[in-house]
K.L.:
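There's a structure below that I have some questions on.
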Amino acid sequence: MHSALLEQLTPSQRIAVSHHEGPLLVLAGPGSGKTRVITYRIAALIEAGVRPYNICAITFTNKAAEEMRQRAATLGASGGAHISTFHSLCVRILRRYAAAADIHPSFSIYDTSDQNRCIKRAVKDCHLDGTNFPPARMLNAISTLKNKLIDAEAFQGRAEDFFSRTLSQVYTRYQQILAERNALDFDDLLMKTALLVENDADVGRELSDRFKFLLIDEYQDTNHAQYRLAKALALPHGNICATGDPDQSIYRWRGADIRNIMAFEKDWPEAVVVKLEENFRSTDAILKAADTLIAKNQNRKQKRLVATRTDEGKVVVESHEGEVEEADAVARQVEALLDQKVRPGQIAVFYRVNAMSRALEEAFVRHKVPYQIVRGIEFYNRKEIRDLLAYLKVMANPADEVALVRIINTPARGIGKVTVERAQGFATQHGISLSQALTRADEIATLGKAAQLKLKAFAHMMDRFRSQMEGKVAPLAEKVFTESGLEKSFQGTGQEGQDALENISELINAAAVYDQNAEEPSLIDYLQQISLFSDADAYDASSERVALMTLHAAKGLEFEHVFIIGLEDGLLPHERGSEDDDELEEERRLFFVGVTRAKTNLYLSYAWYRTVRGQFLRTVASPFLFELGPGFMADETEPEDEQDAFGGFGRSQRSTAAPAVPVSAAREPEFAPGQMVRHKTFGVGRVTKYADMGANSVVTVRFNSGQTKSLLLQYAHLSAL
DNA sequence: AAAACATACATTTTT
DNA sequence: TGTATGTTTT
């Protein structure tokens with residue numbers, strides 16, 4: 001490593017960069033220059049004589065991978081090193097070793113909605129009632145099993161109680177369905193790869209030889225399957241470098257196991273551990289608040305955040321009447337910043353749920369502030385995009401029945417539900433795929449001549465497309481769009497059709513970019529890559545627009561000015577993520593991640609009322625606001641004249657809540673519809689109905705949690721707000 | 001078979 | 001609130 005480069009580093013960073021052989025754990029706080037350390041490490045390894053070909057760096061998003069490739073290139077460490085996400089790495093391995101993994105390399109990758117169709121089918125095939133065995137829950141359970149590398153076969157052996165045995169049946173059938181369709185879901189990618197590397201000695205050795213140096217970023221968010229895969233790959237040589245921050249683990253809900261990073265030193269006893277506690281990103285005010293906040297987590301390793309910046313910054317908390325006012329205030333503040341010559345690309349707004357972007361978007365349009373909503377997968381969920389992609393998917397993988405059923409009558413070509421079902425019946429009967437059944441449509445005795453002809457015509461069209469699928473993707477997509485009749489179906493349908501056409505041309509443009517960048521563009525590779533696209537991948541740092549994104553998508557980014565909106569109890573922390581302490585701590589970490597993205601100023605806000613799913617609800621300020629340290633919530637009062645006992649902020653705090661008015665003592669029914677009440681377990685809610693029946697009065701309350709309950713007044717112990 | 005309509009439903013974060 | 005499915009009409 002050039003000494004000039006090394007001199008830019010702190011002593012700890014230098015240790016992390018120059019430690020070459022053997023396990024290394026980098027515990028890096030936010031803003032500690034972790035990314036720089038990783039890229040320098042790659043450069044240092046190459047300079048020490050390691051072939052780039054033998055280096056494998058794993059990042060959390062494709063975007064991060066792309067960025068790391070570029071950064072490494074500027075250090076002269078260009079080309080050769082494999083830099084990608086876990087999922088992309090798995091796709092590559094599975095395609096390369098498809099035979100050993102017992103799959104076909106053209107496999108489709110099924111997303112959540114594809115999975116849903118398959119699990120529903122599986123539940124049905126097992127003659128189970130969808131209400132007792134909700135597809136979503138089954139899918140969730142299967143996902144958990146896959147994360148633990150328990151495949152359907154293994155689970156069959158250990159399913160003992162009734163639920164497990166049923167689940168086992170569904171799991172087995174679900175896997176059959178996927179196999180018939182030559183499809184893998186996200187969890188399969190990890191599980192199959194991990195099991196392959198662990199159990200197939202030849203493949204394991206080959207891959208360990210290939211990837212002699214393993215670097216894994218965001219290790220705190222690895223799940224068990226990723227952990228096992230990484231371990232299996234690194235076991236022969238022990239050259240594993242993991243970097244991460246337990247305080248930034250925010251994916252527990254999808255299987256991330258914080259213990260992976262906590263126990264790294266046990267897994268690799270000879271590991272060198274480097275802590276990066278200095279923060280080069282944020283002003284002291286922001287760091288103090290972040291530090292105070294995260295200290296409230298019980299289950300954590302003590303770590304300090306040491307500020308190196310000495311200039312002024314601020315953390316402000318504001319409250320607003322409703323979400324419209326809140327969004328407006330954000331837009332106005334942004335305008336003020338832009339007037340001070342802050343560049344829009346240096347500003348970001350974070351929120352807990354995607355639905356909150358709407359009010360912001362409207363405000364930004366009103367104020368004519370340039371913005372980007374960082375939401376990548378939404379684009380791929382649009383109907384027209386899914387339709388066109390389904391054509392391409394069927395071409396790449398004719399067994400993909402989910403895609404096939406989607407397009408067989410899109411645009412309408414007179415092939416109805418019954419016809420499809422009969423064709424499916426024929427396929428099952430003859431043990432062939434639906435695609436194959438279509439080419440033999442004239443043999444389907446249950447169908448009339450007209451239906452047979454329509455199916456044949458469709459099959460012919462797909463065959464024709466398939467014969468042209470080699471080479472570049474963009475021209476192919478364009479051709480299919482026109483010749484399938486999709487294009488025509490959108491013409492003359494007004495604004496909606498116009499939007500659809502625009503989206504399609506955006507897709508084709510993106511495909512052209514793929515064609516240009518890929519070494520060897522192919523339809524299969526293209527489809528597999530876009531399946532792994534994430535929200536965060538859509539962030540365009542060079543676009544000079546204010547970035548609007550969820551807190552999850554904000555991971556790994558930094559901005560001079562950060563706004564976090566909707567700091568309300570039930571939203572942040574989210575009610576579905578604060579049932580137990582572990583979940584609440586994760587919500588706190590999520591907030592921590594958001595706070596520590598800010599370099600100079602941090603603007604936090606909440607609204608007194610918020611419309612959630614069409615319901616106008618009274619809110620309660622987030623408890624997290626009180627955990628930032630004293631001073632932030634001092635002189636907050638509700639902006640509007642509020643005559644009830646809900647005046648000051650201090651009193652809305654749970655622990656010091658205003659004394660409740662016992663309901664039983666009230667002579668007059670004081671629970672007219674519209675009244676806000678508090679329930680001991682359900683929290684704050686609004687009365688929607690009141691049936692006055694003396695002692696047996698029933699009050700119906702729609703709680704902020706979204707659930708509506710009818711409660712017997714005398715037992716409910718409601719207090720008026 | 002397809003469109004129009006109605007009703008139930010769930011409702012975070014995402015690879 | 002919106003989606004996603006089911007029902008009725010054309």
Side-chain angles (χ1 to χ4, degrees), chain A residues 58-65 84-91 109-113 115-117 120 130-131 134-137 143 146-147 184-191 218 221-223 225-226 249-256 350-356 358-359 374-378 380-381 383 409-420 448 450-451 454 528-538 549-555 566 570-579 583 586-587 589-591 593-594 610-617 702 704-708:
Chain A
I58 299 174
T59 57
F60 199 72
T61 63
N62 295 299
K63 194 86 199 172
S84 77
T85 64
F86 263 111
H87 282 86
S88 300
L89 174 66
C90 290
V91 166
I109 299 171
Y110 273 8
D111 67 11
T112 317
S113 72
Q115 282 178 291
N116 262 316
R117 285 175 201 288
K120 277 180 190 160
T131 43
R137 180 151 310 153
S143 173
K146 287 182 177 178
N147 276 174
L184 303 181
D185 64 24
F186 291 126
D187 299 313
D188 280 334
L189 294 174
L190 299 174
M191 176 176 76
E218 310 284 9
D221 276 321
T222 50
N223 66 24
Q226 292 166 328
S249 167
I250 54 174
Y251 283 96
R252 201 182 84 103
W253 51 273
R254 83 174 191 213
F350 305 149
Y351 35 82
R352 178 65 235 265
V353 298
N354 276 305
M356 294 165 73
R358 181 173 250 174
V374 180
R375 188 113 206 256
I377 48 172
E378 194 186 47
Y380 289 95
N381 278 333
K383 185 190 172 300
N409 199 31
T410 309
R413 46 174 75 88
I415 302 173
K417 208 176 130 194
V418 181
T419 308
V420 174
K454 284 176 192 160
Q528 289 176 346
Q529 280 205 20
I530 62 168
S531 302
L532 300 177
F533 203 73
S534 74
D535 272 352
D537 296 332
M549 67 187 90
T550 63
L551 284 160
H552 282 88
K555 174 164 157 162
L571 247 190
L572 185 61
H574 198 277
E575 65 201 338
R576 301 189 97 77
S578 37
E579 267 152 36
E583 284 185 329
E586 173 142 318
E587 292 289 312
R589 289 194 294 268
L590 186 57
F591 184 35
V593 167
R610 190 173 293 277
T611 316
V612 182
R613 289 194 297 276
Q615 288 283 318
F616 192 62
L617 298 174
R702 173 176 275 270
N704 280 10
S705 61
Q707 38 184 189
T708 303

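To find a chain, count down the sequence lines: A is the first, B the second, and so on, and within it residues start at 1.
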K.L.:
At under 4.0 Å between heavy atoms, how does the protein contact nucleotides 2-10 of chain C? Give one character per nucleotide, 5' to 3', with B, S or -.
P.N.:
S--S-----

K.L.:
Please give, in whole Å, the distance from B:dT14 P to A:Lys63 NZ?
P.N.:
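The answer, rounded to whole Å, is 16 Å.
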
K.L.:
Would you say B:dT14 has OP1 or OP2 under 4.0 Å from some side-chain N or O of A:Thr550?
P.N.:
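Answer yes for this pair, as a side-chain N or O of A:Thr550 is under 4.0 Å from OP1 or OP2.
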
K.L.:
Measure the spacing between CG of A:Asp111 and CD1 of A:Ile530 and express it to the nearest 0.5 Å.
P.N.:
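These two atoms lie 10.0 Å from each other.
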
K.L.:
Measure from the side chain of A:His574, starting at C-beta and using heavy atoms only, and say which of B:dT14, B:dT12, B:dA1 lies closest.
P.N.:
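Selected nucleotide: B:dT12.
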
K.L.:
Where the side chain of A:Asp221 meets the backbone of A:Ser249, is there a donor-acceptor pair that is under 3.5 Å apart?
P.N.:
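Checking the backbone N and O of A:Ser249 against the side chain of A:Asp221, no donor-acceptor pair under 3.5 Å is found.
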
K.L.:
If you check every side-chain atom of A:Thr419, which of B:dA1, B:dT14, B:dT13 has the closest atom?
P.N.:
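Output: B:dA1.
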
K.L.:
If you check every side-chain atom of A:Tyr251, which of B:dT14, B:dA2, B:dT12 has the closest atom?
P.N.:
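Nearest to the side chain of A:Tyr251 among the choices is B:dT14.
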
K.L.:
Hey, is the side chain of A:Arg352 pairing donor to acceptor with the base of B:dT12 inside 3.5 Å?
P.N.:
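Looking at the base of B:dT12, it does pair with a donor or acceptor on the side chain of A:Arg352 (distance under 3.5 Å).
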
K.L.:
Starting the side chain at C-beta, find the nucleotide from B:dA2, B:dA1, B:dT12 nearest to A:Glu587.
P.N.:
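Nearest nucleotide to the side chain: B:dT12.
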
K.L.:
Okay, side chain of A:Arg352, backbone of A:Leu572: is any donor-acceptor separation there less than 3.5 Å?
P.N.:
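Looks like no, no N/O pair under 3.5 Å.
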
K.L.:
So, applying side chain to side chain contact (heavy atoms under 4.5 Å, CB included) with A:Leu551, which one of A:Ile250, A:Val353, A:Leu590 is it?
P.N.:
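By the side chain to side chain contact (heavy atoms under 4.5 Å, CB included) criterion, A:Leu551 pairs with just one of A:Ile250, A:Val353, A:Leu590: A:Leu590.
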
K.L.:
Give the dot-bracket string for DNA chain B, reading 5' to 3', where a pair is Watson-Crick or G-U wobble with both distances under 3.5 Å, ( ) marks pairs inside the strand, [ ] marks pairs crossing earlier ones, | marks a partner on another strand, and . marks unpaired.
P.N.:
||||||||||.....

K.L.:
Say you pick atom C1' in C:dT5 and the same atom in B:dT12; how far apart are they, in whole Å?
P.N.:
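The same atom, C1', in both gives a distance of 23 Å.
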
K.L.:
Mind checking the OG-CG spacing from A:Ser531 to A:Asp185? Nearest 0.5 Å is all I need.
P.N.:
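So the gap between those two atoms works out to 12.0 Å.
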
K.L.:
Which word best sums up how the rings of A:His87 and A:Phe186 line up, parallel for under 30°, tilted for 30 to 60°, or perpendicular for over 60°?
P.N.:
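Correct class here is perpendicular.
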
K.L.:
Starting at CZ of A:Phe60 and ending at P of B:dT14, how long is that distance when rounded to a whole Å?
P.N.:
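Going from A:Phe60 (CZ) to B:dT14 (P), I get 10 Å.
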
K.L.:
Atom CZ of A:Phe350 to atom C1' of B:dT13: distance rounded to whole Å?
P.N.:
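So the two atoms are 15 Å apart, to the nearest Å.
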
K.L.:
Give a yes or no on whether A:Arg117 atom CZ has more than 12 heavy-atom contacts from other residues, nucleotides or ligands under 6.0 Å away.
P.N.:
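Open.
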
K.L.:
In whole angstroms, how far is the C1' atom of B:dT12 from the CG atom of A:Leu590?
P.N.:
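Distance, rounded to whole Å: 10 Å.
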
K.L.:
So A:Asp111, base contact, sugar-phosphate only, or nothing? Heavy-atom distance under 4.0 Å.
P.N.:
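Touches nothing.
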
K.L.:
Whole angstrom is fine here: how far is it from CE in A:Met356 over to P in C:dT1?
P.N.:
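So the two atoms are 18 Å apart, to the nearest Å.
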
K.L.:
Are the ring of A:Trp253 and the six-membered base ring of B:dT12 within the stacking cut-offs of under 5.5 Å and under 30°?
P.N.:
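According to the criterion (under 5.5 Å, under 30°), no, A:Trp253 does not stack.
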
K.L.:
Could you measure the distance from the CD atom of A:Glu218 to the CZ atom of A:Phe60? Nearest 0.5 Å is fine.
P.N.:
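Rounded to the nearest 0.5 Å, the CD-CZ separation comes to 7.0 Å.
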
K.L.:
So what does A:Asn409 touch, heavy atoms closer than 4.0 Å: a base, only the sugar-phosphate, or nothing?
P.N.:
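A:Asn409: backbone/sugar contact only, no base atoms under 4.0 Å.
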
K.L.:
With rounding to the nearest 0.5 angstrom, report the CG to CG distance, A:Asp187 to A:Asn223.
P.N.:
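Reported value, rounded in 0.5 Å steps: 7.5 Å.
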
K.L.:
When the distance from CZ of A:Phe591 to C1' of B:dT12 is rounded to whole Å, what number comes out?
P.N.:
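From A:Phe591 CZ to B:dT12 C1': 17 Å.
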
K.L.:
Just compare B:dA2, B:dT14, B:dT12 and give me whichever is closest to any side-chain atom of A:Ala412.
P.N.:
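When the side chain of A:Ala412 is considered, B:dA2 is the closest of B:dA2, B:dT14, B:dT12.
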
K.L.:
Using heavy atoms to find the nearest nucleotide of DNA chain B for A:His552 and A:Gly414 separately, return the residue whose nucleotide is more 5′.
P.N.:
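That would be A:Gly414.
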
K.L.:
Between atom CG of A:Leu189 and atom OG1 of A:Thr85, what is the distance when rounded to the nearest 0.5 Å?
P.N.:
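Answer rounded to 0.5 Å: 9.5 Å.
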
K.L.:
Just by distance, do the side chain of A:Asp535 and the backbone of A:Val374 share a donor-acceptor pair under 3.5 Å?
P.N.:
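No, the answer is negative, given that no donor and acceptor are paired below the 3.5 Å cut-off.
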
K.L.:
Report yes if a donor N or O on one partner sits less than 3.5 Å from an acceptor N or O on the other, where the partners are the side chain of A:Arg254 and the base of B:dT13; otherwise report no.
P.N.:
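There is none.
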
K.L.:
With nearest nucleotides of DNA chain B determined for A:Glu586 and A:Lys454 from heavy-atom distances, which residue corresponds to the more 5′ nucleotide?
P.N.:
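Whichever sits nearer the 5' end wins; that is A:Lys454.
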
K.L.:
Measure CZ/A:Arg610 against P/C:dT1 and give the value in whole Å, please.
P.N.:
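A:Arg610 atom CZ is separated from C:dT1 atom P by 16 Å.
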
K.L.:
Just the rounded figure in Å: distance from C1' of B:dT14 to CG of A:Leu190.
P.N.:
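Distance check: A:Leu190 CG to B:dT14 C1' gives 13 Å.
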
